[in-house]
Amino acid sequence: MIAEERLSVLPDNPGVYLFKDAAGDIIYVGKAASLRHRVRSYFQASRPTDAKTQALLEHVADLDYIITDNELEAIILEATLARRHQPRYNILLKDDKHLPYLRLDAGEDFPRLTVARRVEADGARYFGPYHPASALRETLRLARALFPLRSCAKLEGRPRACLNHHIGRCPAPCQGLVTPEAYGAMVRDLIAFLDGRYAQLIRGLEGKMAAAAEGLAFEEAARLRDRIGAVRSVAERQKAAFPGLEDMDAVGMARAGEEAELQVFSVRGGKLVGREAYVVAAGGAANGDLLRAALLAFYAGRDDIPATVLLPAAAAEGRLLEAWLRARRGKRVRLVEPHRGERAQLLKLAQANAVQRLEERRNEAMRAEAIGRTALFQLQHVLGLEAPPERIEGYDVSDLGGTDAVAVLVAFRQGLPDRTAYRRFKLRRSGTADDFAAMAEVISRRFRRVAAGERDLPELVLVDGGKGQVGAAVAALAGLGLAGIPVAGLAKAAEHVFMADTPHPIVLPRNSEALQLLQRVRDEAHRFAVTYHRRVRGKRALRSSLDDIPGVGPARRTALLRRFGSLAALRRASAEDIAAVPGIGGKLAATILAHLTAKESDRHVNGDS
């Protein structure tokens with residue numbers, strides 16, 4: 001809870017407020033016309049009473065804020081910070097991972113086209129998703145035939161051009177046979193092709209063909225002629241679905257309980273060229289608030305913003321959103337709720353797909369729950385438990401030669417992840433790679449609360465490892481008077497299950513639902529541990545890199561750590577982003593960037609990885 005004295009000094013200015021938990025992590029980013037009134041409203045008797053807000057307030061331990069000149073600047077900053085930090089209690093878009101995308105990192109000198117299963121906030125362009133997967137394969141085949149970009153993962157260290165170059169499928173940038181400018185022109189043509197801007201692409205190719213013919217480069221002119229014919233063939237096959245519509249996006253939305261499905265349909269040149277699907281933990285948010293958050297998240301990292309966005313309901317702060325979109329696009333953007341005509345038909349199509357996908361996901365969840373129930377009964381039988389383990393806690397340790405050692409706890413209820421119960425631990429030991437001691441420490445710290453009266457006990461503890469890790473966990477529990485909690489270990493090599501009171505490992509069939517549930521718990525704990533370890537290590541690297549920068553003392557170093565979290569994130573930031581951190585300013589931001597750039601150059605010169 002925030003102390004009253006902190007609330008009393010909040011300014012009556014527009015800006016962005018950041019709620020943090022006890023570990024200093026940002027868990028919510030919000031915008032306010034008046035920071036004083038908005039933030040204080042959370043802690044008054046008349047505060048919002050929905051479950052999500054109550055859960056947020058239970059975890060708020062600290063507050064930070066950034067003043068802006070107006071609400072438009074505040075909403076721009078809100079979108080940037082929410083996208084960067086992905087706070088737990090903001091409404092966030094999660095890609096529907098069932099559908100594949102094509103990814104093009106246009107920021108590289110010689111980018112390549114690859115397949116991706118999710119959209120990352122990495123500055124790359126994503127096209128799709130494609131459904132069915134055969135549509136992606138056909139698009140990828142055509143794209144590589146028409147626009148022969150490199151397909152190899154690495155450019156360096158190749159002694160000669162590959163076979164793709166000799167058959168006309170790669171311009172061999174690894175051998176310096178194409179300039180970044182010529183390659184970039186081909187990338188721009190590929191983007192136009194994947195965006196469905198066929199008429200624009202054909203005009204550009206015709207101009208290049210004419211120039212090549214005029215310069216007597218007849219082979220190049222012939223290649224361009226063939227490419228134009230292929231693009232025309234594709235364009236003819238893809239008939240205009242909405243010939244009367246200008247470029248626009250339609251946002252379909254379906255809700256059930258605390259979950260929502262969003263589908264964004266994109267029309268360019270009268271053709272339906274893209275569909276993107278997102279899962280949203282909507283909680284008790286009103287439709288208008290949900291659409292506002294979705295638009296901020298969806299368009300924060302995009303350059304392809306159309307003139308019109310169709311919505312099924314009015315978005316909260318619609319006029320402010322239009323101003324923000326206009327600032328990003330450089331031209332006017334309108335948010336429209338259509339009721340008739342082709343626009344309404346397009347929105348109806350997006351709505352129907354959102355409803356269908358939400359129903360599919362609910363059915364999938366029901367099937368997963370049924371499978372999980374079967375797995376729990378199997379576990380009871382094969383492990384000799386008194387009852388099905390409704391709550392399973394998985395533990396994993398992550399370190400690198402004993403440095404930045406961390407451990408995590410993940411919880412599964414009724415066979416499904418319960419992410420609200422996940423916990424992270426910075427281990428107190430250092431300078432050793434003793435996994436047994438690490439496991440004993442995290443078990444002791446977690447169950448000391450139980451010994452002190454907390455009653456949220458698991459029916460099964462799962463550790464990553466064999467007899468040694470199981471023995472360390474059992475000993476730690478016994479030391480707290482909790483020897484009755486069952487402990488199992490799952491060893492990665494042979495996927496055998498170990499129990500403290502059985503002399504031999506338990507070997508389960510690979511298709512056993514019980515084994516597969518244990519694997520899911522173990523793998524989720526490992527993922528969570530590695531992610532946390534990288535974050536801790538990144539903060540240490542950032543702290544170390546900031547130590548010798550003139551003008552960056554403990555307070556400013558802490559502010560930079562809280563804002564960016566890792567050295568990689570700070571290196572990616574612009575001078576404006578760094579200058580926005582309280583206490584930094586433009587001059588010091590330039591000094592920080594220059595220092596980091598010099599360090600990075602030294603690292604490459606010295607051959608460091």
Side-chain angles (χ1 to χ4, degrees), residues 1-8 10 15-32 35 38-66 78 81-94 257-259 280-285 289-290 293 297 391 393-395 406-413 416-426 442 445-450 452-458 524-525 527-529 531-532 535-536 539 558-559 561-566:
M1 187 66 72
I2 307 297
E4 175 58 33
E5 53 266 26
R6 290 288 307 280
L7 299 176
S8 64
L10 287 167
V16 171
Y17 56 94
L18 303 95
F19 285 147
K20 301 179 180 181
D21 62 14
D25 298 325
I26 296 172
I27 58 175
Y28 185 77
V29 174
K31 175 202 70 73
L35 287 166
R38 182 71 185 103
V39 176
R40 288 179 68 90
S41 70
Y42 283 95
F43 305 96
Q44 295 171 350
S46 58
R47 65 176 179 262
T49 57
D50 62 277
K52 190 170 185 178
T53 302
Q54 293 298 332
L56 165 65
L57 295 177
E58 288 175 7
H59 289 88
V60 171
D62 197 6
L63 164 70
D64 198 359
Y65 61 87
I66 303 170
E78 176 195 5
L81 294 178
R83 181 166 175 256
R84 177 184 299 153
H85 296 289
Q86 298 286 296
R88 184 194 312 173
Y89 291 100
N90 280 78
I91 296 174
L92 303 173
L93 299 183
K94 294 183 180 180
E258 295 192 351
E259 279 205 342
V280 186
D289 293 328
L290 178 58
R391 177 184 170 101
E393 290 186 358
Y395 293 82
V406 301
V408 299
L409 143 68
V410 300
F412 276 54
R413 288 186 185 275
L416 299 173
D418 178 12
R419 291 183 173 82
T420 62
Y422 285 18
R423 297 291 181 268
R424 297 173 298 194
F425 303 84
K426 282 187 180 179
V442 67
R445 287 170 59 183
R446 171 357 188 172
F447 286 94
R448 202 171 288 139
R449 302 173 186 173
V450 175
E454 182 181 308
R455 301 311 302 168
D456 197 7
L457 280 170
E524 176 67 356
R527 180 202 65 78
F528 193 44
T531 300
Y532 182 41
R535 179 175 159 192
V536 170
K539 284 188 175 182
T558 299
L561 281 167
R562 286 181 174 177
R563 181 61 54 79
F564 297 104
S566 72

Quick one, [X] and [Y] - any side-chain contact, counting heavy atoms below 4.5 Å?
X    : Y    : value
F19  : Y89  : no
R424 : F528 : yes
K20  : D64  : yes
L10  : Y65  : yes
L409 : V442 : no
P458 : F412 : no
E393 : R423 : no

Closest approach of [X] to [Y] (non-hydrogen atoms, all atoms of both residues):
X    : Y    : answer
A525 : V408 : O-CG2, 3.4 Å
Q44  : R40  : CG-O, 3.2 Å
N90  : Y28  : OD1-CA, 3.2 Å
A82  : P87  : O-CD, 3.5 Å

Quick check for you: to the nearest 0.5 Å, what is the distance between [X] atom [atom1] and [Y] atom [atom2]?
X    : Y    : atom1 : atom2 : answer
L57  : H59  : CG    : NE2   : 11.0 Å
F425 : R445 : CZ    : CZ    : 6.5 Å
R88  : T420 : CZ    : OG1   : 8.5 Å
L63  : Y42  : CG    : OH    : 11.0 Å

Query raised in the report: Of D62, D21, L18, which is the lone residue that meets side-chain contact (heavy atoms from CB on, under 4.5 Å) with I26?
Result: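 Running side-chain contact (heavy atoms from CB on, under 4.5 Å) over D62, D21, L18 with I26 returns exactly one hit, L18.
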Query raised in the report: Do D418 side-chain atoms and A411 backbone N/O form a donor-acceptor pair below 3.5 Å?
Result: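 Checked: no pair found.
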Requested in this report: For the residue pair Y422 and Y532, confirm or rule out a side-chain donor-acceptor distance under 3.5 Å.
Outcome: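 Side chains of Y422 and Y532: no pair found under 3.5 Å.
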